[in-house]
Number of protein chains: 2
Amino acid sequence: MTRQPLTTRQPLPTIYHGLDAAAVARLNSLTGQRSLNPGEYLFLQHTPAKSVYVLESGMLMMERSSSTGRRQVMAFMHPGNYIGITHNEHYDFTVSALAKSTVCEIPLKAFVVLQDEVPQLKENVRRIGGNILAHAFDQVFALGQKKAHERVCFLLKQLSDRLPQQRCHSVELIMTRQDIADYLGLTIETVSRAFSKLKQEGLIDVYSAHTIEIRDMAMIEELALAD
Amino acid sequence: MTRQPLTTRQPLPTIYHGLDAAAVARLNSLTGQRSLNPGEYLFLQHTPAKSVYVLESGMLMMERSSSTGRRQVMAFMHPGNYIGITHNEHYDFTVSALAKSTVCEIPLKAFVVLQDEVPQLKENVRRIGGNILAHAFDQVFALGQKKAHERVCFLLKQLSDRLPQQRCHSVELIMTRQDIADYLGLTIETVSRAFSKLKQEGLIDVYSAHTIEIRDMAMIEELALAD
DNA sequence: CGGGACCTTGAAACACCTCAAATATGGTGG
DNA sequence: CCACCATATTTGAGGTGTTTCAAGGTCCCG
């Protein structure tokens, strides 16, 4: 069996994929815009799930917290991402903005009705759910099986995959080290040391704490996949 | 906010939930039975996904392996569970039998067609997908944030929740310590020590390696939730 | 330029892992 | 039914990676 990513990923579907103009128009008629400043919450864990969202610009973070204050970041979200999948009447995670962001807000009730009338829309949501699940499984594998520096590579690869194809593999880390640590199940110090180690080994350059250049993508990928 | 499980769970839906007799009959007309002995594979990671399954009896395990041999167990599956959710044309995990098991095999193509004709069936699959996702998020939280003995409690709670409501909280661990370790992102020795520690603290009794009695369910739950 | 938040680095503690040996378990054939 | 065997589990000792605690440095914004 040839070397390959554990999960083969199609281009990420959006809820708009393959919709005709009429459907898009109907969808847009339901939606409202919302702006978020860094640190602001889109919604809170345990509050009623009355809307779903599509991220237009900026970056969001999805996290789950226990009452003891332990926090797990579940995902970092990029433009185009659909937000609000839940099997409850309540959100079971919090979503907040890492950067100035804008989202489309779609009332859940109306969205569900529209899905029944536009099968392609329902299909899109189904596919997105599948992608989210695949992402969650990747994360389970990473947290269960990978070492600290491999987990950091796992994140770097995820972020660089979101970038438009380009020669220079420069990655903007908009989130803080604490966010990264809580995403990877580590501490900020361990994350910091992992970056230092990768830098020292020549796999990356750290221009500033939030601007990383990947110098050896092949090696980063190998570590990311732990393959 | 009152103490509560991180994820509130409805009674687990099956694909049969709310179907009328005609729909069930049509579904059954598609399905074949299959028997598995312990250790036997239902299907392998990276093989074409041509069927989905419903576990009738026994216990299955879903796992993902990398080519270096690192293995992550994603789930243990109980009767009624639906198996084969994938967003690929290939399964991205292996499913094998822990005990003698029987499954219903449903050809994927025909199942998809039937879903279009029976909206309730499609709805059931959607709900199941949501449950699987919720389970995956729980696991991410556990692997990212919990200590070894808390992860073991997390598993004990998951298994005891599957049991019919009864006074004595006796849990059968059908899987090996290695399976448990690979599920929780630990080693067999650490799992074994965690059991010993819980036993010594009087939270459980270990009758044999595969038969555990939970003596202090409240405490186990507290550790499981890390709340 | 000053201050607060964020990040990095170091040293020591700790949890978990690795390696090794002893013990228990469960299945099989006598 | 029992003895035996292979396999699985437990336990111990020592090593490693990650965390914790602490200090110093850097960046960014007013």
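Order of the sequence lines fixes the chain letters, A, B, ..., with proteins taken first and strands second; residue numbering starts at 1 for each chain. All values below were derived from every heavy atom in this structure, side-chain atoms included, with hydrogens, water molecules and symmetry-related copies excluded.
Following rounding to the nearest Å, B:Glu150 (CD) and C:dC16 (P) show an atom-to-atom distance of 9 Å. The CD1 atom of A:Ile204 sits 13 Å away from the C1' atom of C:dT8 (whole-angstrom rounding). Regarding A:Asp182, its CG atom lies at a distance of 11 Å from the P atom of D:dT19, rounded to whole Å. The NZ atom of A:Lys199 sits 10 Å away from the C1' atom of C:dT8 (whole-angstrom rounding). The distance between atom CG of B:Leu143 and atom C1' of C:dC16, rounded to the nearest whole Å, is 14 Å. Rounded to whole Å, the distance from CD1 on B:Ile188 to P on C:dA20 is 14 Å. Between B:Leu98 atom CG and D:dA8 atom C1' the separation is 15 Å, expressed in whole Å. Taking atom CZ of residue B:Phe195 and atom C1' of nucleotide C:dT23, one finds them 18 Å apart after rounding to whole Å.
Within 4.0 Å of B:His149, counting heavy atoms only, lies no atom of the nucleic acid at all. Nucleic acid contact for A:Thr190: base, since at least one base atom lies under 4.0 Å from a heavy atom of the residue. At a threshold of 4.0 angstrom between heavy atoms, the contacts of B:Leu186 are confined to the sugar-phosphate backbone, with no base atom among them.
Side-chain atoms of B:Phe195 and B:Ile180, non-hydrogen and from C-beta on, do get closer than 4.5 Å to each other. Contact of the B:Leu133 side chain with the A:His87 side chain is not registered, since no non-hydrogen atoms from C-beta on lie closer than 4.5 Å. With contacts defined as side-chain heavy-atom distances shorter than 4.5 Å, the pair B:Phe141/B:Lys146 qualifies. Put simply, the side chain of A:Val95 does not reach to within 4.5 Å of the side chain of A:Tyr53, judged on heavy atoms. Side-chain contact between A:Leu163 and A:Leu159 is absent, with no heavy-atom pair separated by less than 4.5 Å. Residues A:Ile106 and A:Ile15 are in side-chain contact: their nearest non-hydrogen atoms beyond the backbone lie under 4.5 Å apart.
Under the 30°/60° scheme for interplanar angles, the aromatic rings of B:Tyr91 and B:Phe43 are found to lie parallel.
For A:Arg193, the listed nucleotide lying nearest its side chain is D:dT19; candidates were D:dA8, D:dT19, C:dT18. For B:Ser192, taking side-chain heavy atoms from C-beta onward, the closest of the listed nucleotides D:dT10, C:dG10, C:dT18 is D:dT10.
Residue B:His210 places none of its side-chain N or O atoms closer than 4.0 Å to OP1 or OP2 of C:dG26. Proximity of B:Arg177 to the phosphate of D:dT10: a side-chain N or O atom is located under 4.0 Å from OP1 or OP2.
Atom NE2 of A:His90 has more than 12 neighbouring heavy atoms from other residues, nucleotides or ligands inside a 6.0 Å radius.
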Q) How does each nucleotide of nucleotides 22-30 of chain D score, in 5' to 3' order, for protein heavy atoms under 4.0 Å: base (B), sugar-phosphate only (S), or none (-)? A) ---------

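When each of A:Ile204, A:Leu225, A:Val152 is tested with A:Ile220 by the rule side chain to side chain contact (heavy atoms under 4.5 Å, CB included), just one qualifies, namely A:Ile204.
Between atom OH of residue A:Tyr41 and atom CG of residue A:Leu36 there is a gap of 12.0 Å, rounded to the nearest 0.5 Å.
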Expected rows: protein N/O vs nucleotides 15-17 of chain D N/O, under 3.5 Å:
none

